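In what follows, a structure is listed as structure tokens, so that the remarks can point back to it.
Position 1 is the first residue of the sequence; numbering continues from there. No experiment lies behind these values; they were computed from the predicted model shown.
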Amino acid sequence: MKLLIDYADLDSIKELIALFPIDGVTTNPTILAKAGENPKDRLVKIRELIGPDMDLHCQVVASKKEEMVDQARKLVALLGENTYIKVPSSGEGFKAMEELTKEGIKITATGIYTPLQAFLAAKAGAKYLAPYVNRIDNLGYDGLGVTRKIQNILEANDFDAQILAASFKNSNQVLDLVERGVGALTLGPDVFKGLVNDKNVDFAIKTFEEDFESILEEGQTFSDIL
Ligand SMILES: O=P(O)(O)OC[C@H]1O[C@](O)(CO)[C@@H](O)[C@@H]1O
């Protein structure tokens, strides 16, 4: 399972990479708009920061197939091989996915609220399918249930595609899909930090340190006596 950062702030990406086992970064137009910089420049900076090997997912912003295809080609030329182009899971989007897949461009189907959208995107060749877990919950449906159904569809049809679950608001949503073993999760900084944000853990670690320090001589550290 891959773990991705759903954010475009460079300091936050740097911090999260230093703390967690990260495989890449996802962005969308809203996330890039929040970064407050020309989106092209910001994407290039993210690529420079994470290096050529990590995955970078970035989205086309168009409603017509031809424009989506054109933008996708430009984004891959700009950001390199390990770039996934996020294409909306709409009628025009499915046709763009087919064409881009034939060219060898890797697609993340985005904007997925229903299992049938995911089915069509997988059939059109998408590598990743991004259901919006929390946004589906907010509509009064079951985001995790939709994601499980998508996984059943992938298995039953022997599709190559994997789930890249998106739109999380809490650790419990994450836990459910980690247990289930989907292909990838993308999380914002707050949700990432919430995964290990437990005062009991901090207390246990601090107590170990204090107990051990009590048997060391003044100014000595564990490294000195090893
Ligand atoms: O509900 P949110 O947090 O805006 O999430 C929407 C999600 O869709 C995506 O665009 C799909 O990859 C993510 O970047 C984002 O997590």
Side-chain angles (χ1 to χ4, degrees), residues 1-6 21-28 54-60 62-65 68-69 72 75-76 81-188 191 195:
M1 176 184 294
K2 289 196 178 184
L3 266 187
L4 305 158
I5 301 168
D6 200 25
I22 300 291
D23 299 290
V25 171
T26 58
T27 63
N28 64 29
M54 280 204 195
D55 296 342
L56 177 57
H57 298 243
C58 56
Q59 190 164 333
V60 295
S63 52
K64 291 289 172 210
K65 177 200 134 184
M68 291 181 194
V69 169
L75 284 166
V76 172
E81 207 191 321
N82 290 315
T83 300
Y84 289 76
I85 302 301
K86 291 169 69 176
V87 176
S89 302
S90 60
E92 297 275 334
F94 299 134
K95 297 313 286 179
M97 289 177 201
E98 273 186 330
E99 187 164 332
L100 291 166
T101 299
K102 279 191 200 128
E103 291 179 21
I105 292 180
K106 297 188 278 283
I107 303 299
T108 297
T110 195
I112 294 183
Y113 286 78
T114 72
L116 286 174
Q117 274 178 292
F119 166 74
L120 292 168
K123 194 159 165 48
K127 293 255 181 264
Y128 281 113
L129 312 167
Y132 289 2
V133 174
N134 196 65
R135 289 199 197 187
I136 299 171
D137 281 353
N138 284 347
L139 293 174
Y141 301 109
D142 176 8
L144 294 172
V146 166
T147 308
R148 286 187 218 110
K149 252 188 202 300
I150 295 172
Q151 206 177 31
N152 294 340
I153 289 171
L154 295 181
E155 280 164 20
N157 291 275
D158 214 11
F159 281 130
D160 239 4
Q162 298 194 65
I163 290 170
L164 188 174
S167 178
F168 288 93
K169 287 294 165 281
N170 63 59
S171 300
N172 227 15
Q173 293 167 331
V174 173
L175 177 61
D176 187 285
L177 294 181
V178 168
E179 230 181 325
R180 179 90 185 171
V182 297
L185 302 179
T186 188
L187 312 176
V191 179
L195 300 180

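Here the closest non-hydrogen pair linking Phe94 and Ala124 is O-CB, 3.5 Å. Annotation for Met68 and Gly93: closest pair SD-CA, 3.8 Å, computed over non-hydrogen atoms. Of all non-hydrogen atoms in Lys86 and Thr110, the two that sit nearest each other are CE-OG1, 3.7 Å. When all heavy atoms are compared, the tightest approach of Gln59 to Thr27 is OE1-O, 4.4 Å. Thr101 and Ala126 make their closest contact through OG1-N, 4.4 Å (heavy atoms, listed as atom of the first residue, atom of the second, distance). The nearest pair of heavy atoms linking Val191 to Val174 is CG1-CG2, 4.0 Å.
Taking OH of Tyr141 as the reference point, atom OG1 of Thr114 lies at 11.0 Å (rounded to 0.5 Å). In this structure, the separation between CD1 on Ile22 and OG1 on Thr186 is 9.0 Å, given to the nearest 0.5 Å. Atom CG of Leu75 and atom CG of Leu56 lie 9.0 Å apart (nearest 0.5 Å). Note: Lys169 NZ to Ser167 OG = 4.5 Å, rounded to the nearest 0.5 Å. The CG atom of Asp137 sits 6.5 Å away from atom CG of Asp142, with the distance rounded to the nearest 0.5 Å. Note: His57 NE2 to Leu164 CG = 5.0 Å, rounded to the nearest 0.5 Å.
Residue pairs meeting the ring-ring contact (aromatic ring centres under 6.0 Å, His included) criterion with at least one partner in residues 97-125, sequence neighbours excluded, are Tyr113-Tyr132, Phe119-Phe159.
Using a 4.5 Å heavy-atom cutoff, the side chains of Val133 and Asp176 are not in contact. Using a 4.5 Å heavy-atom threshold, the side chains of Ile150 and Ile112 count as touching. In this structure the side chain of Ile163 never reaches within 4.5 angstrom of the side chain of Leu177, judged on heavy atoms. The shortest distance between side-chain heavy atoms of Ser89 and Met97 falls below 4.5 Å. A 4.5 Å side-chain heavy-atom check between Cys58 and Thr83 finds at least one atom pair inside the cut-off.
No more than 12 heavy atoms of other residues, nucleotides or ligands sit less than 6.0 Å from atom NZ of Lys123. Applying the 6.0 Å contact sphere to CG of Asn152 captures more than 12 heavy atoms from other residues, nucleotides or ligands. Heavy atoms of other residues, nucleotides or ligands lying less than 6.0 angstrom from NZ of Lys65 number more than 12.
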Test side-chain contact (heavy atoms from CB on, under 4.5 Å) on Met1 and Val182 and set out the steps.
CA-CA 6 Å; Met1 176 184 294; Val182 297; 4.0 Å; yes

Starting from the C-alpha separation in whole Å, work towards a yes-or-no answer on side-chain contact (heavy atoms from CB on, under 4.5 Å) for Leu187 and Leu195.
CA-CA 10 Å; Leu187 312 176; Leu195 300 180; 3.9 Å; yes

Let's go through Lys95 and Glu92 carefully: what are the C-alpha distance in whole Å and the side-chain angles of both, what is the deciding distance for salt bridge (charged side-chain N to carboxylate O under 4.0 Å, His left out) to 0.1 Å, and is it a yes or a no?
CA-CA 5 Å; Lys95 297 313 286 179; Glu92 297 275 334; over 6 Å; no

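Asp23 contributes no side-chain N or O that, together with a main-chain N or O of Leu4, makes up a donor-acceptor pair within less than 3.5 Å. A donor-acceptor pair is defined here as one N or O able to donate and one able to accept, closer than 3.5 Å; no such pair exists between the side chain of Glu99 and the backbone of Ala96.
Qualifying salt bridge (charged side-chain N to carboxylate O under 4.0 Å, His left out) partners for Glu81, counting only residues two or more places apart in sequence or in other chains: none.
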